[in-house]
Q: 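This is the structure I want to talk about, given as structure tokens.
Every number for a ligand or one of its atoms is a count from 1 in the order of the listing.
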Amino acid sequence: MNSATPLEPVDSFDYVIFGATGDLTMRKLLPALYRRFAEGQVPSDSRIVGTARSALDDESYRERARRALHDHVRADELIDATVNRFLRMVHYVSLNGAESTGNWDGLKSLLESNVAPDRVRVFYLATAPDLYGDIARHVAEKGLRSESSRIVLEKPIGTDLETARKVNEGVGRYFPESSIFRIDHYLGKEAVQNIIALRFANPMLERMWDRDSIEYVQITAAETVGLEGRGGYYDGSGALRDMIQNHLLQVLTVVAMERPASLDADALRDEKVRVLKTLKPLDRDNLRANVARGQYVQGTADGKPVPAYREELPGETPSNTETFVALKAEIDNARWRGVPFYLRSGKRMPEKLTEVVVQFRAGESGLFGEARPGSRLVIRVQPNESVTLPLFVKHPGNSFGLDEVDALSRLGEPGRIRYRDSYEGLMLDAVKGSPALFVRKDETEAAWQWVTPILEGWREDTNGPDTYEAGTWGPDSARELLRQAGHQWVEDIAA
Ligand code: BG6
């Protein structure tokens, strides 16, 4: 199968994963490394060292890894001989990274055996974030950190501004910012990166990318799934922390940022931070007018009846956690002042869909009858990555009737180019030491700075979330949010 571009092999490395028996490692991290190994980017003398508390040996961990590959990698990408060669690179050390006792010596001697001292070492932290500081400390104090070490932090970085700062300070005490890689897998999605190309490689779009031409922007990340057995984590988090604080705000920054001086990591991230810092604050005084939150009740998902959120929680506990958020953000700068950025994300929506809709302003002219509605640029992030921009053309014949045609670009040719999972590129970027698609400390904190007052406002609001039936586009309050400005969510316009 063709790849988008051939992948340059990287130098051999060691990847140490904390939280190696967890869901993320099995679903995403091991499959990502396997695919890059199968494509020839990962040299076979690299090592992947899983660590977790379970008492496993190399062989039993390899068996788990084999099952994970079978469950999460497409059958046509699984070749037995390649899987076996990959699994030979996999090791396991039973260790609680948050405690200083334990087999740190075993991990150290494994990492130091038979390799050059300057070999790249990546520590991937896929545990609960409140352990990150302790793990970083132990890695440093036990002498595991080398000149060529990097540390990758999975989201969430904290649960509010204060805890995020704590995580950042805890890890920052032992690793310089240049070797800390905070992952946001949405930045690894081709279609999200493509927004930067669309905006800055097309002078026409670049000139129109402002309040004079754009009426509003909608960014949606909808999922059909519910809790998927993650109730413990999700109920303490909710949609605002789980999706908006990181993924959707990251997408917003690439849609809204000023032209960066270059594509270098810091040039890009400087501009993204500036957007976050220019977001108008939402707090208890303006929350109701700008934010809708919902929780699903019984309904359908993928055509089957599904229970309410509260029934899915262990012990069916009453809960005010939001499974849906829609909000109106505004960027207070010359380019965007007055243009609403509508963000929404929810579980148990009618379809799995991530999309950016840029609505251009309507025309004035009555030349062709009624004033033409403004064009709508749609960037489909997933599934079936595409960019569409409908244009009006003359209907063939004598009169000036109009037809709408779609300028459509499919970003991935289904069946021809394998659209790489976002974790693949990001995991290898950490090996290469390329931080452009990772989130800098000040970015995470600026995002939390904006989100935390919303959480505080909700805490004081005893009404709790509105309800919506599973399988619908969220509560009425989400539609009301736009109605006030004479706007509609994209599926309502299309209906
Ligand atoms: C994760 C969230 O970060 O992103 C999950 O914790 C969510 O709740 C997932 O399901 C969505 O990712 P994607 O790539 O499927 O849109």
Side-chain angles (χ1 to χ4, degrees), residues 19 22-29 31-32 35 71-74 124-129 152-159 164 181-195 219-252 254 293-296 301-302 306 309 312-313 319 321-325 343-356 379-386 411-412 419-427 437-439 443-444 447-448 451 470 474:
D23 185 54
L24 183 79
T25 305
M26 296 300 164
R27 259 184 330 115
K28 294 287 184 184
L29 308 188
R35 291 195 194 98
D71 290 347
H72 302 293
V73 177
R74 267 197 352 226
Y124 196 115
L125 274 46
T127 63
V152 181
L153 308 182
E154 231 332 300
K155 70 163 263 273
I157 309 287
T159 51
F181 289 68
R182 291 174 198 80
I183 212 161
D184 185 309
H185 78 279
Y186 268 52
L187 289 178
K189 292 183 190 287
E190 281 286 343
V192 172
Q193 296 166 26
N194 192 46
I195 295 171
I219 304 175
T220 297
E223 297 182 89
T224 53
V225 293
L227 275 182
E228 293 186 295
R230 296 162 80 219
Y233 154 74
Y234 194 87
D235 200 50
S237 168
L240 186 69
R241 290 187 175 103
D242 187 49
M243 295 292 291
I244 305 272
Q245 185 274 339
N246 35 71
H247 306 323
L248 273 79
L249 283 184
Q250 283 296 323
V251 176
L252 175 134
V254 291
R293 60 173 163 159
Q295 189 189 79
Y296 61 83
D302 297 322
V306 290
Y309 173 75
E312 278 189 60
L313 285 176
S319 162
T321 298
E322 79 289 355
T323 58
F324 172 94
V325 179
L343 270 49
R344 73 178 159 165
S345 182
K347 302 275 185 200
R348 293 288 190 226
M349 305 268 98
E351 53 185 308
K352 165 92 179 164
L353 165 89
T354 302
E355 196 170 78
V356 178
I379 302 163
R380 171 67 68 90
V381 174
Q382 59 189 16
N384 305 327
E385 298 83 350
S386 65
L411 302 181
Y419 237 63
R420 298 184 176 119
D421 186 84
S422 49
Y423 274 90
E424 295 177 31
L426 294 175
M427 287 186 85
L437 299 175
F438 291 82
V439 183
E443 256 184 294
T444 327
W448 276 120
V451 161

Q: Heavy atom of Tyr234 under 4.0 Å from ligand 1?
A: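 No, Tyr234 has no heavy atom closer than 4.0 Å to ligand 1.
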Q: Please state which protein non-hydrogen atom is closest to atom 16 (O) of ligand 1 and give its distance, to 0.1 Å?
A: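 Nearest protein contact, heavy atoms only, for atom 16 (O) of ligand 1 is Tyr186 OH, 2.5 Å.
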Q: Please work out whether the ring planes of Tyr186 and His247 are parallel, tilted or perpendicular, with thresholds of 30° and 60°.
A: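 Tyr186 vs His247 ring planes: parallel.
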Q: Under 4.0 Å from a heavy atom of Asp242: give me the atoms of ligand 1 that qualify, with their elements.
A: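 Reading through ligand 1 atom by atom, the close ones are 2 (C), 5 (C), 6 (O), 8 (O).
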Q: Is it true that Arg230 lies under 4.0 Å from ligand 1, counting heavy atoms only?
A: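 The answer is yes: ligand 1 sits under 4.0 Å from a heavy atom of Arg230.
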Q: Measure across Thr25 and Pro31 and return the closest heavy-atom pair with its distance rounded to 0.1 Å.
A: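 Reported closest heavy-atom pair: O-CD, 3.8 Å.
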Q: Return the residue, atom name and 0.1 Å-rounded distance of the protein heavy atom closest to atom 11 (C) of ligand 1.
A: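 In this structure, atom 11 (C) of ligand 1 has Glu223 OE1, 3.7 Å as its nearest protein heavy atom.
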Q: Minimum heavy-atom separation for Val251 and Ile195, please, with both atom names.
A: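 Heavy atoms of Val251 and Ile195 come nearest at CG1-CD1, 4.3 Å.
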Q: Which ligand 1 atoms, with their elements, are less than 4.0 angstrom from a heavy-atom of Lys155?
A: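 Counting atoms of ligand 1 from 1, those under 4.0 Å from Lys155 are 1 (C), 2 (C), 3 (O), 6 (O).
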Q: Looking at every non-hydrogen atom in both residues, tell me the closest pair between Ala191 and Arg380 and how far apart they are.
A: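 The answer is CB-O, 3.8 Å.
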Q: Quick one: look up the protein heavy atom nearest atom 12 (O) of ligand 1 and list residue, atom name and how far away it is.
A: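 Among all protein heavy atoms, the one nearest atom 12 (O) of ligand 1 is His185 NE2, 3.1 Å.
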Q: Check ligand 1 against Lys347 and write out every atom of the ligand that is under 4.0 Å from a heavy-atom position of the residue.
A: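 So the answer, numbered in order with elements, is 5 (C), 7 (C), 8 (O), 10 (O).
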Q: Over 60° means perpendicular and under 30° means parallel, so classify the ring planes of Tyr309 and Tyr296, tilted if in between.
A: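 It falls in the perpendicular class, over 60°.
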Q: Of the choices Glu154, Arg241, His247, which has the non-hydrogen atom that lies closest to atom 1 (C) of ligand 1?
A: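 Looking at heavy atoms only, the winner is His247.
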Q: Minimum heavy-atom separation for Val451 to Leu240, with atom names?
A: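 So the two residues come closest at CG1-CD2, 3.7 Å.
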Q: Report yes or no: do Gln382 and Thr354 form a side-chain donor-acceptor pair below 3.5 Å?
A: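 Distance-only check passes for Gln382 and Thr354.
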Q: Nearest protein heavy atom to atom 13 (P) of ligand 1, by residue and atom, and its distance?
A: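 Closest protein heavy atom to atom 13 (P) of ligand 1: Lys352 NZ, 3.4 Å.
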